[in-house]
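Throughout, protein chains are lettered first and strands after them, A, B, ... in sequence-line order, and every chain is numbered starting at 1.
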Amino acid sequence: MSIVDLKVSLQQHLAKTLQSLELPAESIIIETSRSAQFGDLSSNVALVLAREAGRPPLELAEAIREQLIVPEDTCSAVTVSKPGFINFSISETYLRNQISEILTKGEDYGKSEAGEGKRALVEFVSANPTGPLTVGHGRQAVLGDVVSNILELHGYDVTREYYFNDAGRQMRLLGESVRARYLELLGEDASVPEGGYEGSYIRDIAEQMVQLHGDSLKQQDDMTIFKQTAEKVIFSDIKATLAKIGLEFDNFMNEKTFYEDGTIDRVVEGLREKGLAYDKDGAVWFKTTQFGKDQDTVLIKGTGEPTYRLPDIAYHTQKVARGYDYIIDIFGADHKDTYPDVLSALEVLGYGTDHITVLIHQFVSLKESGQKVKMSTRKATFVTLEELIDRVGADVVRYFFIMRNMHSHLNFDLTLAIKESDENPVYYLQYAHARICNILKHAEETTELTIDGANHTLLQEPSEIALMKDMIRFPELTETALNTLEPQGITTFLYGLATLFHRFYTECRVVTDDEDISKARLGLVTSVKTVLANGLTILGISRPERM
RNA sequence: GCCCCGGUAGCUCAACCGGACAGAGCAUCGGCCUUCUAAGCCGAGGGUUACAGGUUCGAGUCCUGUCCGGGGUACCA
């Protein structure tokens, strides 16, 4: 029985007791105790129900405790404390069984079948191919990948999807910028257009084109070749960067598809039929005021060119039509105001949106030596993700981005990140894993000991008990991660587990002359290694066997 | 102006549907390597959780207002 099941079981026992006391048994909360003096698990039911019961919380808690029957193989003691908490102590039998359970399950420990047979789509990064990925994109890349890992852990069949737009104004500007550099290289008088792209990579692309085509494109006024070459080069660069942090997309969806297959037209027609799209001032508008917005929104500009919102809607109708059980969109804070329009349109057009979850993360603000830098792809004032990975390594980058809450702004000081990469917390986790591997190696090389038939009752030291009590929380954390889609809890947990391991390591020697204790500790240490490894796998961070 | 997210130790961040004394790392100071890895361990100092009210047994967490930072409010993406 995992800790999750144990809590459910305690809830049920509490519910029975409450019923016998003629009290409502809904919403009973069992939480992990903050401090050992309050047992391992605790419930606040008595505090919550005191008013209704017309009795002081402490007295009610005591009454509940007297009536409560808990299975002895899981709970060794039930106590009542201060304001009226009911505290449960986990039995040693239960802890011991958990070690065996972890060892048996191995890499399956922490998994569930919540998403078995279900398909999920996670859309993220989705940066247009106008320049290299920046540190800002890195946050979303890592977040999306870890969210996908969490879904996979619970049995979902996950598709990682990258959506890009190569038909709009930005891509046209990109083409023009490349053409300008191309002409420049040929000694012509040309300059990057207003609002165009100024990064040095544009010149690199232009150089490639000179090598490939010579001056044969000099008279070329059609931007297509410049645009297409730029897109190709930049995309291969983007994919290479993503590969460096261990991220591979299953699908790249192109906006163009939705023009070609008529989805765009169908969306506009559909909205017109519902009376939610209309013509004004030469443009086509979406009546977003119907959904509580201050203003209506333009779908197709006077120039005949759609705004990005229209293909976005079209893309999402197609996403829903593909029949996924769970759709997750990950956007930066700049989309906060636009995705509700997409969802409104979907509903109007008869597509369900209940299975769509939108995760919005705040931006990364970049600092260099304490100075704030405004990131802009166009102005080329950005630090590329690739540069960062090359400087500090993929594991540090991944950890750096997921140890923070996605709703908080992330202050990223590049100078500091490079300087501090040597003491990055990720090494602390990996070091715990490597240390365990080393112990196991040592045991294998110098003894005949195995973990078979180990007697885990011998694990009595406080640092051993603390370690066991902490590691068994893992399944609960992976479950929470699935519900919240926030990877951070796993990061925090792993850090705490590593701390308890390091403490254990300094206090207890694993391989000693006492074979029984050695076997028991080898079992303990192996189970800790399993939990650390499983957690790091979710985060996409490597699990070094030596450091 | 209006809408959304945030404000926690000097710095970067935690804190499980509201719970018990707000925790780590870095930085500062002091200890610990003849024994499986010192990328480690132990200890000290450091806080009116931006501010003011409110809700209740209990608020960093929920509500209202103010201040500060970021984002949105484009026929830009």
> Specify the separation, in whole Å, of atom OH of A:Tyr399 and atom C1' of B:A39.
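From A:Tyr399 OH to B:A39 C1': 14 Å.
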
> In the structure shown, which nucleotide is the Watson-Crick or G-U wobble counterpart of B:U34, with both distances under 3.5 Å?
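Across all strands, not a single nucleotide pairs with B:U34.
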
> In terms of ring plane angle, is the pair A:Tyr163 and A:Tyr315 parallel, tilted or perpendicular, where the classes change at 30° and 60°?
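The rings of A:Tyr163 and A:Tyr315 lie parallel, inter-plane angle below 30°.
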
> Taking 5.5 Å and 30° as the limits, would you call A:Phe85 and the base of B:A20 a stacked pair?
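So A:Phe85 counts as stacking on the base.
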
> Output the single nucleotide from B:C41, B:U56, B:A39 whose closest atom is nearest the side chain of A:Arg51.
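Output: B:U56.
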
> Select one nucleotide: of B:G25, B:G72, B:A39, the one nearest the side-chain heavy atoms of A:Asp334.
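Side chain of A:Asp334 sits closest to B:G72.
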
> Among B:G60, B:G40, B:A24, find the nucleotide with the atom closest to the side chain of A:Arg34.
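The answer is B:G60.
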
> Tell me which nucleotide among B:C42, B:A77, B:C75 gets nearest to the side chain of A:Arg503.
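From the listed options, B:C42 comes nearest.
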
> Can you tell me how the ring of A:Phe501 sits relative to the ring of A:Phe504, calling it parallel under 30°, perpendicular over 60° and tilted otherwise?
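Plane angle between 30° and 60°, so tilted.
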
> When you measure only distances, ignoring hydrogens and angles, does the side chain of A:Tyr427 come within 3.5 Å of the base of B:A39 through a donor and an acceptor?
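A donor-acceptor contact between them is absent.
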
> Across all strands, who's sitting opposite B:U55 as a Watson-Crick or G-U wobble pair, both distances under 3.5 Å?
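Pairing partner, where one exists within any strand: none, as none qualifies.
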
> Between P on B:A24 and CG on A:Leu500, what's the gap in Å once rounded to a whole number?
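Distance check: A:Leu500 CG to B:A24 P gives 11 Å.
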
> Identify whether NZ of Lys or CZ of Arg in A:Arg309 sits under 6.0 Å from the centre of the six-membered ring of A:Phe286 and within 45° of that ring's axis.
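Pair A:Arg309/A:Phe286 does not count as cation-pi.
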
> For A:Val48, report the nucleic acid contact type (base, sugar-phosphate, nothing); a contact means any heavy atom under 4.0 Å.
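The residue A:Val48 makes base contact.
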
> Of A:Gly302 and A:Phe504, whose closest RNA chain B nucleotide lies nearer the 5' terminus?
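Its nucleotide being nearer the 5' end, the pick is A:Phe504.
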
> Looking only at side-chain atoms of A:Leu47, point me to the closest of B:C75, B:G19, B:A74.
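Comparing B:C75, B:G19, B:A74 against the side chain of A:Leu47, the answer is B:G19.
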
> Identify which nucleotide among B:G6, B:A15, B:A77 has an atom closest to any side-chain atom of A:Thr338, counting heavy atoms from C-beta outward.
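The listed nucleotide nearest to A:Thr338's side chain is B:A77.
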
> Between A:Asp329 and A:His335, is there a side-chain donor-acceptor contact under 3.5 Å, judged purely by atom types and distance?
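There is no such pair (donor and acceptor under 3.5 Å, judged by atom type) between the side chains of A:His335 and A:Asp329.
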
> Which nucleotide, if any, forms a Watson-Crick or G-U wobble pair with B:A24, using both distances under 3.5 Å?
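Per the H-bond distance test, B:U12.
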
> Who does B:G69 pair with, Watson-Crick or G-U, both distances under 3.5 Å?
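Partner of B:G69: B:C5.
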
> Measure from the side-chain heavy atoms of A:Gln362 and tell me the nearest of B:G70, B:A20, B:C76.
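From the listed options, B:G70 comes nearest.
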
> Watson-Crick or G-U wobble partner for B:C29, using a 3.5 Å limit on both distances?
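In the structure as shown, B:C29 has B:G43 as its Watson-Crick or wobble partner.
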
